[in-house]
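A short worksheet on the structure shown next.
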Amino acid sequence: MTTVDVVLPVPVDQTYTYGVPTEMRDTVDIGHRVLVPFGKRRLTGVVASEGPDPESVDFALKDILDVLDERPACSEEMLRLTKWIANYYVCSWGEAIKAALPSGINVKSTHRLRRTEEPPGQWVEHEQAGPLLADLEGRDDTTLSAIRKRLGTTVPLGLVRRLAAEGILEVNTQLSDARVSAKTATYVRFSAAFQHPSAAADLVEQLRGSKQKALIEALAGFREEGTPEPLRTDLLERAEASHSSLNSLVDKGMVETVEKEVVRSPLDDLPDPGPAPDHTLHPSQQEAYDAVARAVEDQSYQTFLLHGITGSGKTEVYIAALKDVLAQGRTGIILVPEIALTPQTVQRFRSHFGDTIAVLHSQMSMGERFDAWRQLRDGELSIAIGPRSAVLAPMDNLGLIVVDEEHESSYKQFDPAPRYHARDVAVMRAYLNDAVCVLGSATPSLESVMNAEWGKYTRLNMPERVPDSSGTSAELPNVEIVDLTLQKRKHQLEGALSEPLRAAIRARIDRGEQTILLQNRRGFAPVIECCDCGWAPLCRDCSVTMTVHKTRSGGRMLQCHYCGRTEPTMRACPSCNSQDLHQIGTGTQRVEDELNDVFPDAEVLRMDRDSTRKKHGHHKILSQFRNGADILLGTQMIAKGLDFSRVTLVGVVDADVGLLLPDFRAEERTFQLLTQVAGRAGRADLRGEVILQTRNPEHKALQFALDHDFDGFAASELEDRKILSYPPFGHLATVEFRGPKEARVERLAENWTKALRKHSASDVLIGDPSPASVKRVKKQFRYRTVLKSRQSQKHLQSALRRTEQSFGSVPNGYHVSIDVDAVGLL
DNA sequence: AGCACGCCGACT
DNA sequence: GTCGGCGTGCTC
């Protein structure tokens with residue numbers, strides 16, 4: 001290759017052609033990352049294809065500076081997939097590729113160099129190697145970029161590798177990005193002179209300080225357990241010693257400390273899952289599995305919509321199909337919503353597939369991410385399980401993609417482009433690979449229901465709960481509605497919990513059973529308001545009122561749920577000085593207080609973003625619940641994937657939260673949430689009960705949830721959607737305009753929308769730009785235009801693409817973001 | 001996205 | 001007379 005076409009991480013819809021210097025011609029290939037000059041900057045790009053003849057181009061060709069990979073970072077399949085993503089979601093190819101590579105890989109993957117041997121003469125003479133080797137002379141350890149800086153020239157990585165292969169130097173490639181540096185920890189070990197086991201005993205003799213002795217003993221203990229270099233914190237804890245005792249040992253030269261990158265897989269935290277439970281599939285599971293297995297056998301593309309009610313055993317079907325795929329020597333991806341990525345789920349897969357699984361978790365460090373990515377790419381691991389971004393896992397030979405809880409809106413990416421929907425990308429990726437895609441849910445999205453109806457997907461149903469070991473099948477829980485307006489009139493309801501709900505909770509506590517309570521709103525109270533003048537505190541940077549939160553010490557503070565800013569609360573109204581401030585509405589913290597008040601004998605656990613922020617926060621709370629706490633109260637994160645056999649009551653404190661949002665999917669989302677959380681109640685031997693508190697007892701979403709009637713809800717909701725040409729019967733996209741000055745944002749929105757109208761086909765309906773439902777977030781004003789097409793999303797895409805191209809650049813600090821198939825407030 | 005260039009207003 | 005905000009255009 002004498003020239004290459006390179007995709008760059010800039011929002012420009014084109015590739016750039018670069019020349020390849022002779023010495024890189026045999027190392028560069030499609031999919032490799034390359035370092036290139038771009039204007040005044042240097043960027044990491046990915047080679048998309050061989051470029052045109054250098055003679056035929058009418059611009060000044062620049063050369064690539066370096067080839068950064070030995071193996072392609074992007075397979076040809078990933079190039080095709082990301083290209084599709086870019087086209088479909090109207091972003092640049094570079095942005096799509098960026099999403100597929102582990103974050104940080106582009107920024108600075110540094111190569112640390114060290115000279116190990118005296119170089120032979122021919123290398124010292126070498127035009128590029130000479131200065132490099134001279135620079136390395138006498139330096140212990142340096143980075144490639146530092147050398148480049150000192151020499152003022154580029155140092156081709158290919159050359160460095162050749163030198164390394166000959167043993168002249170040692171290359172250590174590591175991720176380093178100042179913003180998210182690789183995690184390191186301090187480890188302790190015996191110094192070289194005191195390595196021998198008997199030395200420890202001698203040391204203990206010599207030492208005066210009892211703490212120092214304890215440290216030596218503890219360190220020797222760790223060594224006997226096969227951990228010669230324990231973590232400093234672990235050592236100090238075991239010896240019950242402090243830093244100062246350890247430091248004096250270090251000063252005496254007996255032990256030394258080492259900084260090492262923590263390479264910890266999330267799996268290490270979990271106990272060995274034990275052997276896989278041997279289960280035979282239940283008839284409805286078997287039927288679903290057979291259909292999937294036939295498609296897997298054929299190695300041809302097919303997408304299944306697996307509608308299985310809660311407790312019907314969808315996971316076993318996934319596992320059985322995955323086993324078939326692995327047996328063919330192919331690989332699989334399991335997508336789960338972030339909140340469902342609990343140890344429970346992971347352990348089930350792990351007990352079947354052992355250590356061939358890469359678990360991709362949002363709390364992984366960059367180093368962990370990179371490791372998992374590399375191992376998947378190199379075929380060392382053949383299963384990836386993770387949230388949204390796992391659909392872009394770098395595997396070859398893909399045979400199966402499972403999207404569990406496919407209706408979950410967390411599969412839609414928001415903030416940085418590409419704003420892709422992982423479920424739809426999964427279907428496309430399966431298609432490109434002749435693979436099978438399984439979309440599973442107890443409450444499928446209406447889009448998927450219609451796609452099945454239209455024959456794009458094959459629908460499979462599992463309408464029964466799986467029986468337990470004793471052979472008894474759990475019945476679906478009995479659902480009751482409690483009308484809060486009635487309760488208020490009858491009982492002068494004070495708090496958030498009605499009489500019937502209180503009685504039901506009381507009964508579980510007395511019987512030693514457990515309760516799950518959903519209150520889908522965090523904090524103490526959503527609003528604080530002055531009773532005299534109506535004043536309420538607004539966030540300084542966002543156009544929303546601040547939420548009242550309880551502090552750890554029991555006091556109050558204000559928090560903005562959009563930007564996270566906190567403020568102390570006030571004693572008196574700053575506007576009229578009245579002392580009469582009321583906290584209106586109910587969040588999880590307030591319900592927690594009420595529960596502690598009403599049931600002083602019960603152990604109450606609260607699970608929301610605030611209580612789980614700390615690492616392992618989820619696990620801690622869940623294991624306490626498993627150990628027998630009475631009540632688990634939480635936001636929607638408790639609705640998914642939890643499986644506790646002693647839960648016989650699920651209460652929804654306020655089923656109306658979210659129902660009144662200005663979003664055409666509000667009903668669908670409420671129905672899904674209620675059905676999912678109801679599914680947590682009752683297992684084989686203990687019939688469950690569900691209580692929904694509401695002020696809208698007649699509402700469709702509640703009425704259908706009452707009867708567990710998914711099909712009824714779907715049919716009714718689809719009728720409404722059809723009339724309004726909302727998805728799945730029409731296609732939607734939004735354009736959001738953002739910037740610091742409202743007038744300017746509004747003008748930008750109007751001009752852009754005008755241009756959009758000019759470029760649109762006749763069936764595209766374009767709304768007027770309007771302020772977003774929360775007009776200002778983090779000091780930025782936001783306006784939005786909604787596009788709708790009855791016929792095809794292609795019309796939306798081409799209109800957007802053309803407008804973007806013709807409109808050109810927007811002022812500094814202002815942004816236009818396109819969201820195809822937007823999910824959210826619409 | 002960055003970054004430079006070129007155009008107009010308010011300061012030394 | 002310059003400093004600097006902001007709009008526009010370009011990057012192989």
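Letters A, B, ... are given to chains in the order of the sequence lines, protein chains preceding strands, and every chain is numbered from 1. What you see is a predicted model; the values in this text were computed from it and never measured. Below, each value reflects all heavy atoms present in this structure, side chains not excepted, and no hydrogens, waters or symmetry copies.
Exactly one residue among Lys794(A), Gln793(A), Gln797(A) makes a side-chain hydrogen bond (donor to acceptor under 3.5 Å, both in side chains) with Tyr88(A). That residue is Gln793(A). Here the rule is side-chain contact (heavy atoms from CB on, under 4.5 Å) with Val391(A), and of Ile85(A), Asp424(A), Leu335(A), Leu81(A) only Leu335(A) fits it.
Within 4.0 Å of Val810(A), counting heavy atoms only, lies at least one base atom of the nucleic acid. Phe38(A) comes within 4.0 angstrom of a nucleotide base, judged by non-hydrogen atoms across all strands. Using a 4.0 Å heavy-atom cutoff across all strands shown, Val12(A) reaches at least one base atom of the nucleic acid.
The residue among Lys741(A) and Gly808(A) whose nearest nucleotide of DNA chain C is located toward the 5' end is Lys741(A). Comparing Lys40(A) and Val10(A) by the nucleotide of DNA chain B whose heavy atom lies nearest to each, the residue mapping closer to the 5' end is Val10(A).
For DNA chain C, the span of nucleotides reached by chain A at under 4.0 Å from its heavy atoms goes, 5' to 3', from dC6(C) to dC12(C).
The CZ-P distance, from Arg41(A) to dA1(B), rounds to 11 Å in whole Å. One atom, CZ of Arg42(A), and another, P of dA1(B), lie 24 Å apart when rounded to the nearest Å.
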Would you list the atom pairs, donor with acceptor, under 3.5 Å between side chains in residues 414-421 of chain A and any protein atom, with sequence neighbours excluded?
{"residue": "Arg419(A)", "atom": "NE", "partner": "Phe414(A)", "partner atom": "O", "Å": "2.9"}
{"residue": "Arg419(A)", "atom": "NH1", "partner": "Ile818(A)", "partner atom": "O", "Å": "3.2"}
{"residue": "Arg419(A)", "atom": "NH2", "partner": "Asp415(A)", "partner atom": "O", "Å": "3.0"}
{"residue": "His421(A)", "atom": "ND1", "partner": "Arg423(A)", "partner atom": "N", "Å": "3.2"}

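Screening residues 769-778 of chain A for side chain to side chain donor-acceptor pair (under 3.5 Å), with sequence neighbours left out, gives Glu742(A)-Lys775(A).
Judged by distance alone, the side chains of His759(A) and Ser806(A) do bring a donor and an acceptor atom under 3.5 Å apart.
Note: Phe737(A) and Tyr814(A) fail the aromatic proximity criterion, with ring centroids not under 6.0 Å apart.
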